[in-house]
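So the structure is just underneath, and the comments pick up after that.
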There are 4 protein chains.
Amino acid sequence: MAVILGPNHYGKAGIRFLRVVREADRASIREFKVSVMLAGDMHGAYVTGDNASVIPTDTQKNTVHAFAARYGITSPEAFGLLLGQHFTTSQPAIHSATVRIEEYRWIRMPAVAASASHSFVREGAETRIAVVRCDQGGAAVVDSGVAGLAVLNAAGSEFRGFAKDEYTTLAETSDRILATLVNGRWRHERRPSPGDNAVDWAVDWDGSYAEVRGHLLNAFTDTHSFSLQHTLYAMGKRVLDCCVDVGSVWLSLPNLHHVVVDLTPFGIANDNELFAVSDQPYGLIEACVGRVGDNKFVTGDDPMGEG
Amino acid sequence: MAVILGPNHYGKAGIRFLRVVREADRASIREFKVSVMLAGDMHGAYVTGDNASVIPTDTQKNTVHAFAARYGITSPEAFGLLLGQHFTTSQPAIHSATVRIEEYRWIRMPAVAASASHSFVREGAETRIAVVRCDQGGAAVVDSGVAGLAVLNAAGSEFRGFAKDEYTTLAETSDRILATLVNGRWRHERRPSPGDNAVDWAVDWDGSYAEVRGHLLNAFTDTHSFSLQHTLYAMGKRVLDCCVDVGSVWLSLPNLHHVVVDLTPFGIANDNELFAVSDQPYGLIEACVGRVGDNKFVTGDDPMGEG
Amino acid sequence: MAVILGPNHYGKAGIRFLRVVREADRASIREFKVSVMLAGDMHGAYVTGDNASVIPTDTQKNTVHAFAARYGITSPEAFGLLLGQHFTTSQPAIHSATVRIEEYRWIRMPAVAASASHSFVREGAETRIAVVRCDQGGAAVVDSGVAGLAVLNAAGSEFRGFAKDEYTTLAETSDRILATLVNGRWRHERRPSPGDNAVDWAVDWDGSYAEVRGHLLNAFTDTHSFSLQHTLYAMGKRVLDCCVDVGSVWLSLPNLHHVVVDLTPFGIANDNELFAVSDQPYGLIEACVGRVGDNKFVTGDDPMGEG
Amino acid sequence: MAVILGPNHYGKAGIRFLRVVREADRASIREFKVSVMLAGDMHGAYVTGDNASVIPTDTQKNTVHAFAARYGITSPEAFGLLLGQHFTTSQPAIHSATVRIEEYRWIRMPAVAASASHSFVREGAETRIAVVRCDQGGAAVVDSGVAGLAVLNAAGSEFRGFAKDEYTTLAETSDRILATLVNGRWRHERRPSPGDNAVDWAVDWDGSYAEVRGHLLNAFTDTHSFSLQHTLYAMGKRVLDCCVDVGSVWLSLPNLHHVVVDLTPFGIANDNELFAVSDQPYGLIEACVGRVGDNKFVTGDDPMGEG
C-alpha cells in the first residue's frame, strides 16, 4: 500500500525566559516556559526535503523573545494568543499554531529591607531539612537546613575586578540578575552534662528555623553584591551575628545564570529586561561561615555529587 | 597489603509518612521523609557475614513508624534526637546514629467551607499552564490549566459498594485519606466575527485563573466523597456552574494512596493517624465534565504517557 | 446549560514487578511496569457516587499480579492482550481497557562465574565517573567510579541471624532476591617526584576502569551473600586483591527490595517467583574497603544527601 | 564570637560537550559533563567583595572547551589531570582544583549501512513500550513502541532553504550534527472473526519489535538528511515498506541541538569538532506516517505535555 504523511506538527519546546519590568523605585518579574507547535501543509519538508515552508524552530524562539520584549506579557493566555495569531498569519502553509505556556510564580520578598522592591522569592518550592547525629554517651549535633529556596535580586548586583587570563571572555558588569537556590545547613551542638540526655535538649526548633530562614532572606536582599561569594558570606555572617545558638553555617549556592537576550537583529532594545534562563552549566559557590575557635564546621551534601 | 574495612554505615532511607492529629472538630497533618544511618562495630557483618549486630533496615523503618505514632512529632529536629538516642542505646555495637528528616509543608485550606478544618493544600508546588490554539481565519481556543496542585482531605471520604470479583482484596472503608495532585484544564472558546481577530479577545485571564482555581479547591473541600471519581465530577461541575465562560473541564487526578500502618505488633493503636505514603502504584482518574450540546471537550496530556 | 460527564477513564498506573522463571540450574527474569485504564458506563460513579460498576484500582493491581504469576509473560504485547480481554469481559459496564506496559531490559551476567546463571545486569544505564584532585606542588589523586550499575542475583542470597528487638517484624530468609545499584569509587594516588607533574602520570585509565568494573560484577555474582554488607565487602576486597594500583574502594549500595507478592487470596502459589518492586523506602549500605596502613580512604557523595 | 570564613570552594558545574574526531572515512565521538571546583585563598572575595583572585566560572567553562579542542580527551581521568594541573598553576591563590567528569557512552551503529561510520547510538537507555487496547466484542489494537533511543549522525545532515522572516537569524548549513531521541509507536490492528478472541492473536511480538527497531535505526543512518522532518518521514516509510503488518508509525523526535563552540578568542580552530550540548530549548518534530486508505492513525503521548 502506498505510504502517506499523516497528522504532523513541529516547533520549539522549552523556551525559558524571565522578564523584568523596571519602574523608578521597584521592579516586577515574571518567568515563563513557552513551547510552540505549528501545523499545516508541510508535505514537502517531510517527503522531498523541501524546506521552503519551514519556519525554523530557532526563528520561533527568536519570535517568542522578540514578542516578549516588544509587547510584554499581561497573562500567559493573552501572550499565547498574540503568538498564535502571528504564526498563523505569517506563512500560508501554517494552518494552525498551538502555544503552551507555563508560568513559575515568584512573589515579592517581604518588605523587611529597603531593597526588597527588587527582590523576589519563588513560592513554596523549598524543603526543610534536619540532620541529627547522636553518639553513644549522649553527645548530639543537630544540623537544621533548607533546600531549594529560590531567590532573585533584579538590582544591586555587580561582578567586576576578577582575574583575567587567556580564556577570559566574560565582560565586567555593574548590573546583573543575581539568582540562586539557597541550600543551607546550620549547626546546633550540645555537649552533654552527666545524667541528662539528648532528648532533653529544649529548643524551639520550629521558631529557630523560621528565624534563620528570615535572616538568610534578609541578608540576600540587603546586600549590595560584588559576587555570589560576597553575598554568601553576608548571609552566613548575618545568621551568626543574630543567632547565638548557631555554631556555623554552610551554604551551597548555584549561580542561576540569566543571560541578556540579544534583540538587536530585530531592532529591539533590551536594557536588562529580557533574560534567557538555562539550567546548565551553572556556577556553584559553597562555603562555611563559622566562629573563631570553632573546630567542627558544618558541611552539606557532597558539592560535586550532582555536578 | 592486607585488606581492612574502612569507614562504613548503613540504614533505611526514604521512609515516608503522614501523621494526622485529630481533635474534636479539626485535624492537623505533617508529612515527613526520614532516613536513618547507623555506624559502629559492624566488622562481623561485612567480613564474615555474621549479622548478630545488624538491626535490619526493616526494623529501623518499623521503629520510625512506631515512634511517630507513640510520641508524635513536635519538630523534625526533636524527632531526630528521639530516634538517634534510641538507636545509640539499643545495641552496644551501634556507636552513632544519623537521622535525616525532610518535611513537606502543608497548609490548611482557606476557610471557605465548613469542612476546611480537615482539608489541606501543599504550599506553592503548582504550575499554571495555558495552551492556546489559533487557526488561520481567526478561530481560537484557550485552555487554561493547573498542574501539580496537591490537596488532601483528612475526613469526609468513603469508598464502599464497589464491584467485587475473585481478585478483590480491598476492604470497604467509610473513613480514609483522600489526596491527589490536581491536574486540570478548562476551555475558553471564541468564534470570530468578521473583522476582528484573536488578540482582541478581552478576558481578565489572571482573574479567571484565580476564580477557577478557587472553585476547584472549594469543591474538593466541600464534597463528602464516595470515590475520587465522585469528587472529580463535583469539582468540574462547580466550575461550570459558577463560570459561564468555561465550556468544559478536564481533570486528571492521581489517587495518592495513604495506607494505615499496622502497629499492632508493637502494641500501639493506630486509629487512622499514621499513614505510609508511596508513589507507585497509584490510581488514576481522568474525566471531562462539559455542557450538554458541546461537542469539543477539552482534554489534557496523554493519560498513560507517564504511566 | 446542563452539565454532563464527558469522556473519562480510570485505572491503576505504575504497577511494577519482577518475574523470575526458575529452571534446574538457572533462572530467567523480566521486569515490567504496567498501567491499566478502563472506560465504559461509569456515569453512576461520577455523578451519584454509586460504585457498583467500579472495579477498584487495587483489584486491577491484584489482577495484574495474579495473571503474571498464573500465565507468565511471553511479551508485553501478549500480556496486554490477556489483561485487556479479561477486563472487557469481566463487567458489562467496562467497554474498553487500555493497558500500557514498559519493560526494563536485563541481560544475563557474562558467564565468568559458576553462579552467573542466576545473575543479571541492566543494560547500559550506568555512568562512568572520574573525580580528579590536583594540588599546588603536584600531588594528585584520581578517583575513578561508576554510578547506577544495576545488578541482581536471583539465588545465593540469605539474611538471617540479625539482631531482634521489640520493633522487629522481618522474617529470616535463606533465599531472597539481592538487587542493588552499584555506586562506587576507587582511588589512585600519586606522590610526585621532583621535576615531574601530574599530567605525566601514565595509566591506561580506560583499561583500569574496565578491569575494576569486571571485578565488581564478578564478586557480586560469585559471593554467596549473608547480607548486602557481606557482598559489599567481598566486592571491595576483590578489587584490592586483584588491582595493586587501587588504594581503597568506596561502595554505596542501595538495597532494592523485592517483596514476594502474596497470591494466596487467589489460590495461586508464589514460590519466590513474583516480586513487587518499589523505590522507597530502601536500605542503604555504604562502606570503604581499604588497605592496612592507608590513612586516606576514598569516600563518595554524601550518603544521606538524597535520602 | 568573631565570625570567620570556613572551608569553601567554587566553580562551574554541568559543562556538557560532545567531541567529534574526524578521519577520512569515519568519525568517532565522546560526550562528557565536566564540573570544576577551585579552592584556596579566597578570603577577599567572600569578606570584602574583592574579586582579584576569582577566576570567573565562565572562564573555567571556556578553559574546559579550549582544552578539549586543543588537547583532545584520551580518558576522563587524564583530561581531569590536565585541567586540574592548569588551574593549580594558573593563579597563586588557587591551592587545589577538583574536576569531576561524567562520560555518556555512545557506541557505533551496527554497520548495516555505508554511512554507519558516522552514526552512533547511546547504550541501553531506551525503554520498550506496548499499549494495548481491547474493546468489548473482541476488537483489539496493539501499539508497540520505543522511548528514549538516542541516536546521532556526525555527517550527512543539512538544513537549508527554509523560510526567512524578520526574526530569522539561523544560518543555513550543509554540515551539522543530527541527534535525537527516538520516541515511536507503530500500530498492529486486528479485526476479530466470530468465535475467536484477542488473546489468540498470534504474533511474534519480540521479533516484530526487534525488526521495527532495526529499520528505524537503519533509516536514520542511511538517510542524507535535509531536515529532521525529512529523516522522520524516511524512518516511518522504511518501516511501512518493510513490515506489511504495521499499519502506521508515529514518531516524536526532539532535535537535540549541538552548537559549535566559538574558540576563536583563544586562537583555536573548531572545524565542526567541539559542540556544546544543552537540553532546552529544543526543536520537536512529530508526525504520523501511514498507508493510503487507513483512517486510524497511531498517535503517541501528548506532544506538548512535557514541553
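Below, read A as the first sequence line, B as the second, and so on, with proteins coming before strands; counting in each chain starts at 1.
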Step by step, would you call D:Ile129 with C:Arg100 a side-chain contact (heavy atoms from CB on, under 4.5 Å)? CA-CA 7 Å; D:Ile129 297 173; C:Arg100 179 190 171 103; 3.3 Å; yes

Between C:Met37 and D:Arg133, does the side-chain contact (heavy atoms from CB on, under 4.5 Å) criterion hold? Intermediate values first, please. CA-CA 9 Å; C:Met37 284 287 138; D:Arg133 180 186 161 112; over 6 Å; no

Under the side-chain contact (heavy atoms from CB on, under 4.5 Å) criterion, do D:Arg128 and C:Ser75 qualify, and how do the steps go? CA-CA 11 Å; D:Arg128 176 178 168 185; C:Ser75 71; 4.2 Å; yes

Hey, mind stepping through C:Val131 and D:Thr98 against side-chain contact (heavy atoms from CB on, under 4.5 Å) and telling me if it holds? CA-CA 7 Å; C:Val131 180; D:Thr98 303; 3.7 Å; yes

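Two residues are said to be in side-chain contact when any heavy atoms from C-beta on lie closer than 4.5 Å; C:Val142 and D:Leu81 meet this criterion.
Rounding to the nearest 0.5 angstrom, the gap separating the CD1 atom in C:Ile94 from the SG atom in D:Cys134 is 13.0 Å.
Both the backbone and the side chain of C:Ser144 come within less than 4.5 Å of a heavy atom of chain D. Residue contact with chain D, scored on non-hydrogen atoms closer than 4.5 Å, is absent for C:Ser208.
Of all non-hydrogen atoms in C:Pro76 and D:Ala130, the two that sit nearest each other are CB-CB, 3.8 Å. Between D:Ser96 and C:Asp135, the shortest heavy-atom distance links the atoms CB-OD1, 3.1 Å.
Under the 3.5 Å distance criterion, the side-chain polar atoms of D:Gln136 are matched with a main-chain donor or acceptor of C:Pro92.
Contact check on C:Asp206 versus D:Arg105 returns no salt bridge, with no Lys/Arg side-chain nitrogen under 4.0 Å from an Asp/Glu carboxylate oxygen.
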